[in-house]
Q: 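Quick one: the structure is below, and I'll ask about it shortly.
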2 protein chains.
Amino acid sequence: MSHVQSEKNDDFDLQNFLPFLLNQASERASLEFQSVYKGRYGMLRTEWRVLFHLGLFGEMTAKDIGERAKMHKTKISRAVAKLEQRRYLKRTRDEADRRAEWLALTPAGQTVYRDLRNVAANYDARLSSLFNEEEAALLRHMLQRLAGLD
Amino acid sequence: MSHVQSEKNDDFDLQNFLPFLLNQASERASLEFQSVYKGRYGMLRTEWRVLFHLGLFGEMTAKDIGERAKMHKTKISRAVAKLEQRRYLKRTRDEADRRAEWLALTPAGQTVYRDLRNVAANYDARLSSLFNEEEAALLRHMLQRLAGLD
DNA sequence: GCTTGTTAGTTACAAAATCAACTATTACTC
DNA sequence: GAGTAATAGTTGATTTTGTAACTAACAAGC
């Protein structure tokens with residue numbers, strides 16, 4: 001095991017740099033949950049996100065999902081194709097505006113969604129339990145501000 | 001937040017799901033900062049991370065960096081090659097264990113590091129200013145716990 | 001109507017991340 | 001000390017993402 005030089009060259013503290021901290025926390029949180037949707041259903045993060053949005057909000061267009069999840073349209077296009085291919089969702093052309101299509105989960109997709117939603121809720125509760133109620137609420141609030149969601 | 005389960009469009013709240021929130025906040029924070037090291041020096045996130053670790057901690061091996069930054073060794077290997085090619089770092093074989101090599105910034109690399117460190121510090125201050133001192137400290141503390149860094 | 005501009009979504013190609021296999025060296029075991 | 005396992009780091013193949021160009025449909029101005 002090699003030895004890390006411990007004298008600091010300056011006073012900048014990487015362990016407290018917010019983008020770094022956010023990234024580390026985010027990676028860790030995503031990774032653990034990822035193993036569930038990947039292991040159980042062979043899904044990627046993009047596919048899980050699309051599935052969740054449809055499960056939560058019902059019918060949406062790809063554009064709607066992109067705006068909500070801040071995902072690029074090519075990612076969504078590919079995720080939708082994959083989910084359709086696995087018969088988790090169906091597309092319906094919008095007859096009023098034939099460029100757009102409405103996406104909705106099939107019964108099979110809804111089953112998968114409900115399963116993952118439960119895992120997600122439990123996982124979220126586990127993460128939250130690292131803090132007391134007040135702290136957890138404040139954390140969510142601060143993250144929403146940082147994310148520009150408030 | 002409601003605790004009542006309903007069947008259709010249920011009460012699971014994606015906007016409050018921690019992995020999602022962490023991801024959104026992290027992406028936003030990284031993206032803005034990325035434009036600096038990418039625009040100014042054409043660096044990738046992996047390269048910036050390696051540079052920062054070396055700037056902060058002085059000489060390290062690739063393995064050390066991997067453990068600190070939780071980056072996979074292939075990412076590091078490629079980032080190191082790129083930084084070396086740009087003459088931002090030099091490698092020195094460890095004569096006691098000839099498998100390992102010590103990495104250190106060149107003067108040119110240190111100049112780049114100092115520039116980016118200043119930008120980073122300013123950016124961090126700007127993010128932190130969204131909250132009061134107490135909140136910001138708590139946020140960092142909570143993120144460290146979530147990241148498993150404490 | 002026709003031209004021009006915009007939007008929803010897809011596709012092709014390039015860049016990057018991931019995973020597995022590889023080399024070289026050191027450590028362990030008998 | 002020979003043989004096997006483990007470790008530092010690299011390389012190549014595959015998968016995923018990002019960027020730009022594309023198709024098809026609508027919209028607005030004239």
Side-chain angles (χ1 to χ4, degrees), chain A residues 1-4 23-24 26-28 30-31 34-35 37-39 41-50 53-54 59-86 89-104, chain B residues 23 26-28 30-32 34-35 37-39 41-50 53-54 59-86 89-104:
Chain A
M1 176 62 207
S2 41
H3 167 66
V4 179
N23 178 77
Q24 298 282 308
S26 171
E27 279 306 301
R28 190 164 192 248
S30 295
L31 222 77
Q34 179 181 36
S35 69
Y37 56 76
K38 191 176 181 181
Y41 303 104
M43 285 201 289
L44 299 174
R45 192 136 90 190
T46 50
E47 294 156 29
W48 165 70
R49 287 232 194 124
V50 168
H53 278 261
L54 293 175
E59 273 203 324
M60 299 175 88
T61 66
K63 194 195 172 216
D64 294 335
I65 298 176
E67 280 166 7
R68 280 233 183 223
K70 290 197 201 129
M71 281 169 70
H72 195 268
K73 58 184 184 173
T74 61
K75 267 192 187 173
I76 295 173
S77 175
R78 282 158 181 153
V80 166
K82 199 77 166 283
L83 291 170
E84 185 188 34
Q85 179 189 316
R86 293 195 185 155
L89 69 75
K90 64 178 196 308
R91 324 157 91 122
T92 315
R93 186 110 265 159
D94 181 337
E95 288 303 330
D97 179 351
R98 297 185 45 76
R99 291 169 302 182
E101 47 192 14
W102 293 95
L103 308 170
Chain B
N23 178 79
S26 171
E27 279 305 302
R28 189 163 192 248
S30 294
L31 221 78
E32 237 174 290
Q34 179 182 37
S35 69
Y37 55 77
K38 191 174 181 183
Y41 303 104
M43 285 200 289
L44 300 175
R45 192 137 91 189
T46 50
E47 293 155 30
W48 165 70
R49 287 230 195 125
V50 168
H53 279 260
L54 293 175
E59 273 205 323
M60 300 176 88
T61 66
K63 194 196 171 217
D64 294 334
I65 298 176
E67 282 167 5
R68 283 233 183 223
K70 290 196 202 130
M71 281 169 68
H72 194 267
K73 58 185 183 173
T74 61
K75 266 191 189 173
I76 295 175
S77 175
R78 280 160 180 149
V80 166
K82 200 77 167 283
L83 291 171
E84 186 188 33
Q85 179 190 316
R86 293 195 185 156
L89 68 75
K90 64 178 198 307
R91 323 157 92 120
T92 315
R93 187 110 264 157
D94 181 338
E95 287 303 329
D97 180 350
R98 298 185 44 75
R99 289 170 303 184
E101 48 193 13
W102 292 94
L103 308 170

Q: Counting the atoms with a prime plus P, OP1 and OP2 as sugar-phosphate, which does A/K63 contact under 4.0 Å by heavy atoms, base, sugar-phosphate, or nothing?
A: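 Here A/K63 touches the backbone only, sparing every base.
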
Q: What is the distance from CD of B/E27 to P of D/dT17, rounded to the nearest Å?
A: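 Result: 12 Å.
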
Q: For nucleotides 12-17 of chain C, give me every protein contact, N/O to N/O, under 3.5 Å, one pair per line with atom names.
A:
residue: C/dA12; atom: N6; partner: A/R78; partner atom: NH2; Å: 2.7

Q: Are B/R28 and B/E32 ion-paired here, with the side-chain N under 4.0 Å from a carboxylate O?
A: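 Here B/R28 does not pair with B/E32 in a salt bridge, since their nearest N and O are not under 4.0 Å apart.
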
Q: Select base, sugar-phosphate, or nothing to describe what B/R93 touches, counting heavy atoms under 4.0 Å on all strands.
A: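 If one applies the 4.0 Å heavy-atom cut-off, B/R93 turns out to touch nothing in the nucleic acid.
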
Q: What's the CG-P distance between A/D64 and C/dT7, to the nearest Å?
A: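 That distance rounds to 15 Å.
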
Q: Rounded to whole angstroms, how far apart are CD on A/E84 and C1' on C/dG9?
A: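 Rounding to the nearest Å, CD of A/E84 and C1' of C/dG9 are 13 Å apart.
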
Q: Given 3.5 Å as the limit, does a donor-acceptor pair link the side chain of B/R91 with the main chain of B/W102, or not?
A: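 No; zero donor-acceptor contacts below 3.5 Å.
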
Q: C/dA8 P sits how many Å from A/I76 CD1, rounded?
A: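 Rounded to whole Å, this separation is 12 Å.
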
Q: Does A/A62 or B/H72 map to a spot on DNA chain C nearer the 5' end, using the closest nucleotide for each?
A: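 Counting from the 5' end, the first nearest nucleotide belongs to A/A62.
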
Q: Restricting both atoms to N or O, compile the protein contacts to nucleotides 24-29 of chain D shorter than 3.5 Å, with distance only.
A:
residue: D/dC26; atom: OP1; partner: A/R98; partner atom: N; Å: 2.8

Q: A/Q34 CD to D/dT16 P: how many Å, rounded?
A: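 Distance check: A/Q34 CD to D/dT16 P gives 11 Å.
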
Q: Does A/S77 make a side-chain N or O approach to OP1 or OP2 of C/dT10 shorter than 4.0 Å?
A: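 Checking C/dT10 against A/S77, a side-chain N or O does come within under 4.0 Å of OP1 or OP2.
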
Q: Does atom CZ of A/R86 have more than 12 heavy-atom neighbours, drawn from other residues, nucleotides or ligands, at distances under 6.0 Å?
A: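 Enclosed.
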
Q: Can a side-chain donor-acceptor contact be found between A/T61 and A/D64 if the only test is distance below 3.5 angstrom?
A: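 Yes, side-chain donor-acceptor contact under 3.5 Å.
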
Q: With rounding to the nearest 0.5 angstrom, report the NZ to CZ distance, A/K73 to A/R78.
A: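 Separation between the atoms: 12.0 Å.
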
Q: Tell me which one of A/L54, A/V50, A/L103 satisfies side chain to side chain contact (heavy atoms under 4.5 Å, CB included) with A/M60.
A: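 Of the listed options, the one satisfying the test is A/L54.
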
Q: Identify the heavy atoms of B/S30 and B/R45 that sit nearest to each other, and give their distance.
A: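 Smallest heavy-atom distance, with atoms named: CB-NH1, 3.0 Å.
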
Q: So which heavy atom on B/K75 is nearest to which on B/M71, and how close?
A: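 Where B/K75 meets B/M71 most closely, the heavy atoms are CB-CE, 4.1 Å.
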
Q: Find the distance A/K73:NZ to C/dT10:P and express it as a whole number of Å.
A: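 Checked: the NZ to P distance equals 10 Å.
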
Q: Using whole Å, report how far CE of A/M71 lies from P of D/dG18.
A: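 Roughly 10 Å, once rounded to whole Å.
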
Q: C/dA8 P sits how many Å from A/L103 CG, rounded?
A: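 To the nearest whole Å, that distance equals 13 Å.
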
Q: With a cut-off of 6.0 Å (strictly less than), are more than 12 heavy atoms of other residues, nucleotides or ligands near NZ of A/K38?
A: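 12 or below, so no.
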
